[in-house]
Peer 1: 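Pasting a structure below so you can have a look.
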Amino acid sequence: MEASNRYPVATPGSIRLSELSARVSRAIEEAFSYTSFWVIADVTNHTYKSQKDYHYFELVEKAEGTSVLLAKFSGSAWGTGSQKIAEFEKATGQRFTGGLNVLVKVTVKYQAAYGLQLTLQDIDINFTLGVLEQQRQATLLRLVRDNPEHIRIEDGRLKTSNQGLVLNRVIQRIAVISSSTSAGFQDFQHTLENNGWGYRFSVDPYFALIQGDHNAGQLVDKIVAVYQSGVAYDALVIIRGGGAQTDFLIFDHYAIARAIARFPIPVITGIGHQKNETLTDLAAHTATKTPTKAAEFIIAHNRGFEQELLQLQKNMVIKSQQLLSAENRKLSMIRTSLVNNTRSMITGHKDALVRNNQITINTTKSILYRHRTGLNNLYSKLSIQPKGMLYKHQAELSIICRNLKTFSNLYSKSQENKLSHYASLIKLMSPENILSKGFAIVKAKGKIRGNADGINLGEEITVILAKQQLVATVTSKENHDGTEFNI
Amino acid sequence: MTELNLTYEAAFEELSQIAKEIETESVSVDVLAEKVKRAAELVSFCQSKLKATETEVGKIISQMEQKTGEG
Amino acid sequence: MTELNLTYEAAFEELSQIAKEIETESVSVDVLAEKVKRAAELVSFCQSKLKATETEVGKIISQMEQKTGEG
Amino acid sequence: MTELNLTYEAAFEELSQIAKEIETESVSVDVLAEKVKRAAELVSFCQSKLKATETEVGKIISQMEQKTGEG
Amino acid sequence: MTELNLTYEAAFEELSQIAKEIETESVSVDVLAEKVKRAAELVSFCQSKLKATETEVGKIISQMEQKTGEG
Amino acid sequence: MTELNLTYEAAFEELSQIAKEIETESVSVDVLAEKVKRAAELVSFCQSKLKATETEVGKIISQMEQKTGEG
Amino acid sequence: MTELNLTYEAAFEELSQIAKEIETESVSVDVLAEKVKRAAELVSFCQSKLKATETEVGKIISQMEQKTGEG
């Protein structure tokens with residue numbers, strides 16, 4: 001080596017640096033050649049030489065939560081590595097730059113002149129996306145946590161105050177935040193001005209640099225300026241003007257998302273992002289993909305209003321005509337019913353009169369007929385009943401007469417019978433009759449005797465018979481039992 | 001005998017009385033004849049009175065019948 | 001006899017009474033003739049009254065019929 | 001007889017009463033003729049009143065029918 | 001008869017009342033003729049009033065229909 | 001008739017009222033003609049008012065359509 | 001009518017109100033023409049305002065007011 005010649009031969013116990021370098025180089029080569037490593041590190045001090053497509057940077061690891069360095073390597077990327085970085089930037093929307101936490105595939109290389117260096121072979125897009133997403137989620141959570149009045153999560157979606165605003169019927173006064181150079185703004189203007197319906201708009205541009213995290217403050221200032229202008233804008237449109245694909249990380253910035261979420265005028269975005277929506281899009285009232293789409297949305301909104309107007313007008317015309325024809329029908333119906341009901345009412349009254357008349361006539365006749373019949377009945381009773389009554393009396397009299405005769409006769413006969421009974425009895429009991437039957441009366445001492453008591457022997461008695469009377473003297477006196485005549 | 005004021009009623013009454021006495025032999029042979037004689041008189045009185053009445057009633061009734069027949 | 005104020009009603013009543021007495025022989029022979037005579041009188045009275053009424057009623061009715069015939 | 005204020009109603013009522021009395025023979029022979037006479041009068045009165053009413057009503061009704069026929 | 005202030009309403013009401021009385025025979029023969037006469041008057045009154053109304057209403061209705069025909 | 005301040009609304013209301021009264025026959029014959037006359041007037045009024053409105057609305061609509069056709 | 005400060009918002013609100021009234025037939029015939037006219041004006045106003053710049057709007061409104069003055 002030519003250079004080594006500049007230094008004297010090493011004193012005993014020392015070697016030349018190049019020798020050491022060669023030994024290190026050898027050791028490293030032995031240990032690390034043909035081996036690559038996936039390492040997680042933070043990128044710092046990044047520079048990019050676009051002419052050569054070279055990236056120079058350092059990879060460091062800090063103690064967690066501090067800035068104390070635990071490890072640090074220089075690194076570079078070119079060729080394949082640069083190509084991977086470009087792919088990475090396109091895919092993530094994140095520039096490969098200082099402060100980025102990455103998972104990279106590196107080979108360790110030692111060059112005597114440059115020292116130990118890591119050469120970037122590949123970069124894990126998904127790791128960074130994960131990190132970015134984590135950052136995004138952290139920002140989102142912070143937004144929700146720190147602004148509960150304006151930002152919250154509903155059904156997994158971000159809900160902001162701005163979204164709660166109602167778009168004016170017509171969007172005509174528009175504030176636009178864009179970068180002055182952006183083609184997007186031109187597109188937006190052009191689309192608005194050349195709408196097919198002749199709608200006119202008033203657009204106030206608020207130009208700002210819209211790229212890089214560090215410009216977030218400026219963008220927020222512009223938003224505030226729109227508010228402070230005092231103009232009654234119908235909408236604030238935020239558009240990103242084409243250009244680098246890596247510009248839109250700014251739209252995940254906390255301050256911007258917060259400002260938009262709380263902004264009192266509906267915000268329409270036309271940022272243009274292929275992957276998931278930025279926090280700005282999520283916070284805005286309406287998110288469209290491109291500035292042209294934003295303009296189209298506004299035109300469609302106004303067109304919707306005009307169509308609504310025309311529809312209302314059309315409905316009104318139809319309804320007015322319907323109303324008038326319904327009114328006509330109602331009127332003619334009422335007229336018809338009036339005529340019919342009047343006629344039927346008069347007919348009804350006529351019928352009622354006839355009915356009353358008939359009742360009067362018919363019933364009167366029947367009343368008179370009934371009375372006549374009743375009178376006749378009474379009359380015939382009167383002409384018949386008295387005769388019967390008199391006849392009955394006559395008959396009764398006759399019966400009494402007959403009875404008088406009959407019972408008088410019976411009475412006389414009965415008396416005659418009684419008398420003749422007594423006559424027979426007397427005849428039977430008369431003394432002449434008794435004596436003629438053989439009985440005799442005995443007289444003693446001039447008295448008729450029924451027994452012999454007091455009659456003494458030798459005494460003279462008189463025995464009287466029917467035709468004669470004998471005088472005799474008692475010669476004997478004996479008792480006899482007298483049963484001889486006991487019948 | 002035939003008292004002026006004797007009624008059929010009284011006569012019949014007396015007659016019944018005598019008949020009863022005779023029948024029950026509560027009359028002695030002494031008065032029997034007397035009683036029998038009185039009874040005979042009473043029967044005679046009653047019979048004549050009855051006959052008279054019968055005749056009169058017959059007359060009245062026949063008159064009545066005549067009238068009713070007419071009526 | 002025929003009292004001035006005698007009604008058919010009363011006459012008939014008395015007549016019925018007499019008839020009943022004779023029927024039940026609760027009349028003495030002494031007054032039988034008299035009673036029969038009274039009965040005959042009452043019959044006569046009732047008959048004449050009946051006849052008179054009949055005649056009058058007949059007259060009224062025939063007048064009525066005449067009228068009704070006309071009517 | 002025909003009292004001035006007698007109505008058909010009252011007359012008919014009285015007539016019915018008499019007819020009922022005669023029918024149930026609750027009238028004595030003594031007043032029968034009188035009752036029949038009254039009845040005859042009432043019949044006569046009612047008939048004439050009825051006739052008059054009939055005539056008048058008939059006249060009115062025929063007028064009414066004529067009118068109704070026209071109307 | 002036809003009182004000056006008599007309305008159809010009142011007349012018809014009275015007529016119905018009379019018809020009802022007659023129908024239920026609660027009208028005596030004494031006033032029947034009178035009632036029938038009144039009824040006849042009321043019928044006549046109502047008919048003429050109705051006829052007048054009908055004529056007038058008919059005129060109005062025909063005018064109305066003519067107008068509608070034109071319109 | 002057509003009062004100066006009469007509106008279609010009020011006229012139609014009154015007309016409906018009259019129609020209802022006649023339908024339910026709560027109008028007496030005495031005032032029927034009068035009511036029908038008023039109703040005819042109201043119908044006439046409503047018809048002319050309706051016609052006028054129709055014409056005016058038609059005019060506005062045709063102007064509107066012209067404009068919309070242009071726009 | 002067309003007030004200087006009329007906004008789309010207010011115009012649309014008024015127009016909707018009119019359309020709704022007409023649709024629910026709560027607009028009387030009396031004011032229908034007037035309402036339709038107003039609606040036509042409101043539509044016209046909104047349309048011209050949509051197609052004009054701010055400076056032109058004043059002109060439109062003053063024109064409209066002139067028309068209304070005439071109308």
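Per chain, numbering begins at 1; letters A, B, ... match sequence-line order. What you see is a predicted model; the values in this text were computed from it and never measured. Basis for what follows: all heavy atoms, side chains included, without hydrogens, waters or symmetry-related copies.
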Peer 1: If you draw a 6.0 Å radius around CD in Glu396(A), do more than 12 non-hydrogen atoms from other residues or ligands fall strictly inside?
Peer 2: yes

Peer 1: Would you find more than 12 non-hydrogen atoms of other residues, nucleotides or ligands less than 6.0 Å from Lys445(A) atom NZ?
Peer 2: yes

Peer 1: Would you mind reporting whether Ile22(C) and Asn403(A) have side-chain heavy atoms less than 4.5 Å apart?
Peer 2: no

Peer 1: Answer yes or no: is there a side-chain heavy-atom contact under 4.5 Å between Lys387(A) and Glu54(C)?
Peer 2: no

Peer 1: To the nearest 0.5 angstrom, please state how far the CZ atom of Phe407(A) sits from the CD atom of Glu23(C).
Peer 2: 3.5 Å

Peer 1: Just wondering, are more than 12 heavy atoms of other shown residues or ligands nearer than 6.0 Å to NZ in Lys477(A)?
Peer 2: yes

Peer 1: Rounded to the nearest 0.5 Å, what separation is found between the OH atom of Tyr411(A) and the OG atom of Ser26(C)?
Peer 2: 8.0 Å

Peer 1: What heavy-atom pair brings Val43(C) and Leu397(A) nearest, and what distance separates the two atoms?
Peer 2: O-CD1, 4.3 Å

Peer 1: Heavy atoms only: give me the nearest Thr53(C)-Leu390(A) pair and the separation to one decimal.
Peer 2: CG2-CD2, 3.8 Å

Peer 1: How would you list all residue pairs meeting ring pair (Phe, Tyr, Trp, His ring centres under 6.0 Å) that involve residues 434-460 of chain A, not counting sequence neighbours?
Peer 2: none

Peer 1: Check Ala19(C) against Ile400(A) and note the closest heavy-atom contact, atom names and distance.
Peer 2: CB-CG2, 4.1 Å

Peer 1: Which one wins on heavy-atom pair count under 4.5 Å against chain A: Ile18(C), Thr24(C), Leu32(C), Val36(C)?
Peer 2: Leu32(C)

Peer 1: Roughly how far apart are His393(A) NE2 and Tyr8(C) OH, rounded to 0.5 Å?
Peer 2: 5.0 Å

Peer 1: First locate atom CD1 of Ile60(C), then atom OG of Ser383(A), and finally report the distance between them rounded to the nearest 0.5 Å.
Peer 2: 12.5 Å

Peer 1: Please flag which part of Thr406(A) lies under 4.5 Å from any non-hydrogen atom of chain C: side chain, backbone, both or neither.
Peer 2: neither

Peer 1: With a 6.0 Å cut-off (strictly less than), is the heavy-atom count around CD of Gln322(A), excluding the residue itself, greater than 12?
Peer 2: yes

Peer 1: Quick one: what part of Val57(C) sits under 4.5 Å from any heavy atom of chain A, side chain, backbone, both or neither?
Peer 2: side chain

